[in-house]
Engineer: 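Right, I'll just put the structure down here and ask away after.
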Amino acid sequence: MHAPATSNRRPTDVQPASDLLGLSPMRLSQYPINTTKETPAEAEVLSHQLMLRAGMIRRVAAGIYSWLPLGLRVVRKVENIIREEMNRAGALEILMPAVQPAELWRESGRWSEYGPELLRLKDRHDRDFVVGPTHEEVVTDIARRELRSYRQLPVNFYQIQTKFRDEVRPRFGVMRGREFIMKDAYSFHVDDASMAAGYAAMREAYTRMFTRMQLNFRSVQADTGAIGGSASEEFQVLADSGEDAIAVSDGDGFAANVELAPAAAPSQPRAAPGQPLEQVVTPRMKTIADLSAFLATPREQCLKTLLVDGADGGVVALVLRGDHELNAVKAQKLPGVASPLRMASATTVQGATGSEPGFLGPVGLKCPIYADHAARNMADFVCGANAPDLHLRGVNWGRDLPEPAAADLRNVVDGDPSPSGAGKLRIVRGIEVGHIFQLGRKYSQAMNATVLDEAGQAVTMLMGCYGIGVTRIVAASIEQNHDERGIIWPEPLAPFHVVLIPLNLQKSARVRASADALYAELAAAGVEVLYDDRDARPGVKFADAELLGIPHRLVLGERGVDAGSCEYRYRRGSDNQDIPLATVTAFIKARLAP
RNA sequence: CGGGGCAUGGCGCAGUCUGGUAGCGCAUCUGCUUUGGGAGCAGAGGGUCGCAGGUUCAAAUCCUGCUGCCCCGACCA
């Protein structure tokens, strides 16, 4: 480190010894913040744009970011709330390595199961390692070494640590980065009841955390995905920019990720055939939309046939109503379907049907066929004829082709009935910030993690695992809290509580004396204050304060100093309020009181 | 990984089609003025035009290859 080259730097403020979190007050003249008026071209979503403009983060590579002082303070706020609530729930903080030996992953089976998302590397001795995307293996290894008796259970270990997942498509800044900070927790239990209790405790802890962070969120039923296990819920922050679709019932408490939300079978019986089967020429009509327009037939009267790779190397046909979308999570769970789901290649389709995609239909198809409940309920429908530029019209199950196997294959849509029958589903967007699972014995069995029970018998432990995307929360909060001027931090996440803006600081000794004194007073009172003592015009300071989203603003000008008052403004408000200088600190403390 | 696009001072862009001395705004530095909502004037610094080949008297510009990044589809905190 070099000493500052210029002499206009002021000595660093004395920091309270108790400030272990780096959340001390700050003079802006000592921090080379770079805010911008223009939005960097790389940023698509608002939170990403604002984080770059406010100087919170900088991109290093695709999906990999540095956190600058201002951004890091917010990360620390999020971490602290998580830490407090995890500790309150009785969890124990640990820290596991980012780089892990391949042996553990071979033991769990995930060395081969996990795809290219797992970053693998070799050390100098040519030994295999991974950069941890998650820590079930390492924590299970700890548990099997440290835990001997049922009397030591239940236990919940958690850490807040950097993860790496080589995402196919990192995007939206830290919303979906490849490297990110995650809180991951793992609980160990001797029986199902204990695992369920541990899960419930985490659900409550998560609810408390996200409530404290003032996020608008809700929990939803979720797919267990690559982590595995049984019961699972996601905590979704509601935002239109969210990547997840959530189905929420207006009639009961049901809420689930669309991946998982069951689509009810139609309650009406299928109509009787009313039209004769006929072939129609449909040149180049390869999509449902084109076909529907060409034949002047509603999309819901057309049948969509998709060929996917089978588990045994063949293909499987999945049939949907024309206006419905395939649900990959549901489909890949069907017997005979490859998991993860893969669409059959064009050449495979040609070989299996004699046609190119776009003219497929279930009539005369030789491979296994699954029809979605809604598709199976159609009568007199239109479908491909398995020949180029030809479709069939007036097709009927049972009459023109065998009844297909029925399955739930589609995404639920707005207006679908809730699974319980009470109410209708609405589809909203969400950002997944937390996910809790009951894992059961998936890892403990594979890695032989046992304890002795009351009878002295070795029993395999049950596990739960609980994740939170720490850095993602920062972006999610911005998505929910901003206006045209910038970020509006909820107080618990704000990098600073108060921004103190002196006007004409360089010229007015009175303002400087008052502002310096007020800054010292606020800092001494434990207020996290950002002192904008830069030699800049008022407009610049106001604009930056609003971009940065500091919740409380104090402005001190010569007029105010002479009148013995300071001007206060709340970031969400539009009115100014004059506060006697002598009572400013008390006023702020009162506003900050929980 | 497939499809589309972009790559020119720190940031945002023009210039490329039609080859000929690299330009604008913001930011930065100096001086003066200004000081309650992103100041004005005068001056200054900063770019191997992503990389490597090729064509040409001459390449940011044309050709080939590579790399990086962004956007659209299957994964997840």
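Basis for what follows: all heavy atoms, side chains included, without hydrogens, waters or symmetry-related copies. The sequence lines fix the lettering, A, B, ..., with proteins before strands; numbering per chain opens at 1.
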Engineer: Let's see if you can work this out: which of B:A77, B:A74, B:C69 has an atom nearest to the side-chain heavy atoms of A:Arg165?
Structural biologist: B:A77
Engineer: From the set B:C76, B:C75, B:G38, return the single nucleotide nearest to any side-chain atom of A:Arg53.
Structural biologist: B:G38
Engineer: Got a second to check how far A:Glu234's CD is from A:Ile436's CD1, nearest 0.5 Å?
Structural biologist: 10.5 Å
Engineer: Hey, is A:Glu179 close enough to A:Lys163 for a salt bridge, meaning N to O under 4.0 Å?
Structural biologist: no
Engineer: Scan every strand shown for a Watson-Crick or G-U wobble partner of B:U30, both distances under 3.5 Å, and answer none if you come up empty.
Structural biologist: B:A42
Engineer: Rounded off to whole Å, could you give me the CD-to-C1' distance for the A:Glu567 and B:G37 pair?
Structural biologist: 12 Å
Engineer: So if I take every side-chain heavy atom of A:Gln332 and compare against B:C75, B:A77, B:U35, which nucleotide ends up nearest?
Structural biologist: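 From the listed options, B:C75 comes nearest.
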Engineer: Whole Å only: how far is the CE atom of A:Met202 from the C1' atom of B:A77?
Structural biologist: 16 Å
Engineer: Just how far, in rounded Å, is P of B:U30 from CG of A:Asp535?
Structural biologist: 11 Å
Engineer: For the pair made of CZ in A:Arg537 and P in B:G40, what is the distance, rounded to whole Å?
Structural biologist: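 Atom-to-atom, A:Arg537 to B:G40, this comes out as 8 Å.
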Engineer: Does A:Asp544 get its side chain close enough to the base of B:G38, under 3.5 Å, for a donor-acceptor pair?
Structural biologist: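 Yes, the side chain and the base share a sub-3.5 Å donor-acceptor pair.
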Engineer: Stacking between B:A77 and A:Phe180, yes or no? Criterion: centroid separation under 5.5 angstrom, plane angle under 30 degrees.
Structural biologist: yes
Engineer: Could you please spell out the steps behind the ring-ring contact (aromatic ring centres under 6.0 Å, His included) verdict for A:Tyr466 and A:Phe437?
Structural biologist: CA-CA 6 Å; A:Tyr466 319 94; A:Phe437 302 78; 8.6 Å; no
Engineer: Has A:Arg472 got its NZ or CZ under 6.0 Å from the middle of the six-membered ring of A:Phe180, at an angle within 45 degrees of the ring axis?
Structural biologist: no
Engineer: Taking CG from A:Asp532 and C1' from B:G36, how many angstroms apart are they, rounded to a whole number?
Structural biologist: 14 Å
Engineer: Please state the C1' separation for the pair B:A59 and B:C26 - nearest whole angstrom.
Structural biologist: 30 Å
Engineer: Have a look at A:Glu546 and say if it touches a base, only the backbone sugar-phosphate, or nothing, with a 4.0 Å heavy-atom cut-off.
Structural biologist: base
Engineer: Where the side chain of A:Lys37 is concerned, which of B:U35, B:G38, B:A77 is the nearest nucleotide?
Structural biologist: B:G38
Engineer: Should the side chain of A:Arg171 and the base of B:C71 be counted as holding a donor-acceptor pair, with the cut-off at 3.5 Å?
Structural biologist: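 No, the side chain and the base share no sub-3.5 Å donor-acceptor pair.
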Engineer: Which nucleotide, if any, forms a Watson-Crick or G-U wobble pair with B:C62, using both distances under 3.5 Å?
Structural biologist: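 In the structure as shown, B:C62 has B:G54 as its Watson-Crick or wobble partner.
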Engineer: For the aromatic rings, using the six-membered ring if either is Trp, is the centroid distance between A:His435 and A:Tyr206 under 6.0 Å?
Structural biologist: no
Engineer: Check side chain to side chain donor-acceptor pair (under 3.5 Å) between A:Arg485 and all other residues, then give those that pass, not counting sequence neighbours.
Structural biologist: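 Only A:Glu546 meet the side chain to side chain donor-acceptor pair (under 3.5 Å) criterion with A:Arg485.
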Engineer: Identify the nucleotide, in any strand shown, that forms a Watson-Crick or G-U wobble pair with B:A74, with both distances under 3.5 Å; if there is none, say none.
Structural biologist: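 Answer to the pairing question: none, since B:A74 forms no Watson-Crick or G-U pair.
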Engineer: Looking at every strand, decide which applies to A:Arg569 at a 4.0 Å heavy-atom threshold: base, sugar-phosphate, or nothing.
Structural biologist: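 Base: the residue A:Arg569, judged by heavy atoms under 4.0 Å, touches a nucleobase.
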Engineer: Sticking with atom C1', work out how far B:A74 lies from B:G68, rounded to a whole angstrom.
Structural biologist: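 One C1' to the other, the span is 24 Å.
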Engineer: Give the rounded distance in Å between these two atoms: NZ of A:Lys541 and C1' of B:U35.
Structural biologist: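 Distance check: A:Lys541 NZ to B:U35 C1' gives 10 Å.
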Engineer: For nucleotides B:A52 and B:G45, find the distance between their C1' atoms and express it as a whole number of Å.
Structural biologist: 31 Å
Engineer: Could you tell me whether the side chains of A:Gln577 and A:Tyr570 share a donor-acceptor contact shorter than 3.5 Å?
Structural biologist: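 No donor-acceptor contact under 3.5 Å links the two side chains.
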Engineer: Over all strands shown, is A:Gly469 touching base, sugar-phosphate only, or nothing at heavy-atom distances under 4.0 angstrom?
Structural biologist: base
Engineer: Taking atom C1' in both B:G19 and B:U55, compute the distance separating them and give it to the nearest angstrom.
Structural biologist: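 Those two atoms are separated by 11 Å.
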Engineer: Assign each of A:Gly63 and A:Glu167 to its nearest nucleotide of RNA chain B by heavy atoms, then name whichever residue's nucleotide is nearer the 5' end.
Structural biologist: A:Gly63
Engineer: Could you list all N or O pairs between the protein and nucleotides 5-15 of chain B that sit under 3.5 Å apart?
Structural biologist:
| residue | atom | partner | partner atom | Å |
| --- | --- | --- | --- | --- |
| B:G12 | OP1 | A:Ala41 | N | 3.1 |

Engineer: Please report the distance, rounded to the nearest Å, between CG in A:Asn257 and C1' in B:A77.
Structural biologist: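 So the two atoms are 13 Å apart, to the nearest Å.
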Engineer: With both distances under 3.5 angstrom, what nucleotide forms a Watson-Crick or G-U wobble pair with B:C6?
Structural biologist: B:G68
Engineer: Check whether any side-chain heavy atom of A:Met175 lies under 4.5 Å from a side-chain heavy atom of A:Ile431, and answer yes or no.
Structural biologist: yes
Engineer: Of the listed nucleotides (B:G37, B:G36, B:G38), which one gets closest to any side-chain atom of A:Pro538?
Structural biologist: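 Nearest to the side chain of A:Pro538 among the choices is B:G36.
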Engineer: For the side chain of A:Arg176, counting heavy atoms from C-beta on, which of B:C75, B:G36, B:U34 is nearest?
Structural biologist: B:C75
Engineer: Does any N or O donor sit under 3.5 Å from an N or O acceptor when you compare the side chain of A:Arg553 with the base of B:G37?
Structural biologist: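 Present.
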Engineer: If you check the A:Val540 side chain, which of B:C76, B:G38, B:G36 turns out closest?
Structural biologist: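 Nearest to the side chain of A:Val540 among the choices is B:G38.
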Engineer: For the side chain of A:Ala62, starting at C-beta, report the closest nucleotide among B:C75, B:U35, B:C69.
Structural biologist: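 Of B:C75, B:U35, B:C69, B:C69 is nearest to the side chain of A:Ala62.
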Engineer: If you look at every strand shown and take non-hydrogen atoms under 4.0 Å, does A:Lys507 touch a base, only sugar-phosphate, or nothing?
Structural biologist: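 Base contact.
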Engineer: Provide the Watson-Crick or G-U wobble partner of B:U18, both distances under 3.5 Å; none if there is no partner.
Structural biologist: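 Partner of B:U18: none found under 3.5 Å.
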Engineer: What nucleic acid atoms does A:Val433 come within less than 4.0 Å of, heavy atoms only: base, sugar-phosphate, or nothing?
Structural biologist: sugar-phosphate
Engineer: From B:G36, B:C71, B:U35, pick the nucleotide closest to the side chain of A:Phe542?
Structural biologist: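 Minimum distance to the A:Phe542 side chain belongs to B:G36.
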Engineer: With ring centroids as reference points, do A:Tyr186 and A:Phe157 lie under 6.0 angstrom apart?
Structural biologist: no
Engineer: When the C1' atoms of B:G5 and B:U28 are compared, how many Å lie between them, rounded to an integer?
Structural biologist: 32 Å
Engineer: Using the salt bridge (Lys or Arg N to Asp or Glu O under 4.0 Å) criterion, which residues pair with A:Glu432? Sequence neighbours excluded.
Structural biologist: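 Expected list: none.
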Engineer: Would you classify A:Gly177 as touching base, sugar-phosphate or nothing, given that sugar-phosphate means primed atoms plus P, OP1 and OP2, and contacts are heavy atoms under 4.0 Å?
Structural biologist: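 Contact class for A:Gly177: base.
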Engineer: In whole Å, measure the gap between the P atoms of B:G10 and B:U48 for me.
Structural biologist: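 So the two P atoms sit 9 Å from each other.
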Engineer: If you draw the axis of the six-membered ring of A:Trp111, does the NZ or CZ of A:Arg120 fall within 45° of it and under 6.0 Å from the ring centre?
Structural biologist: yes
Engineer: Taking B:G23 as the reference, what is the distance to B:G65 when you measure between their P atoms (whole Å, please)?
Structural biologist: 32 Å
Engineer: Using the P atom as the point on both nucleotides, what is the distance between B:G9 and B:C49, in whole Å?
Structural biologist: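 My reading of the P atoms in B:C49 and B:G9 gives 10 Å.
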Engineer: Could you give the CG-to-P distance, from A:Asp244 to B:A74, as a whole number of Å?
Structural biologist: 12 Å
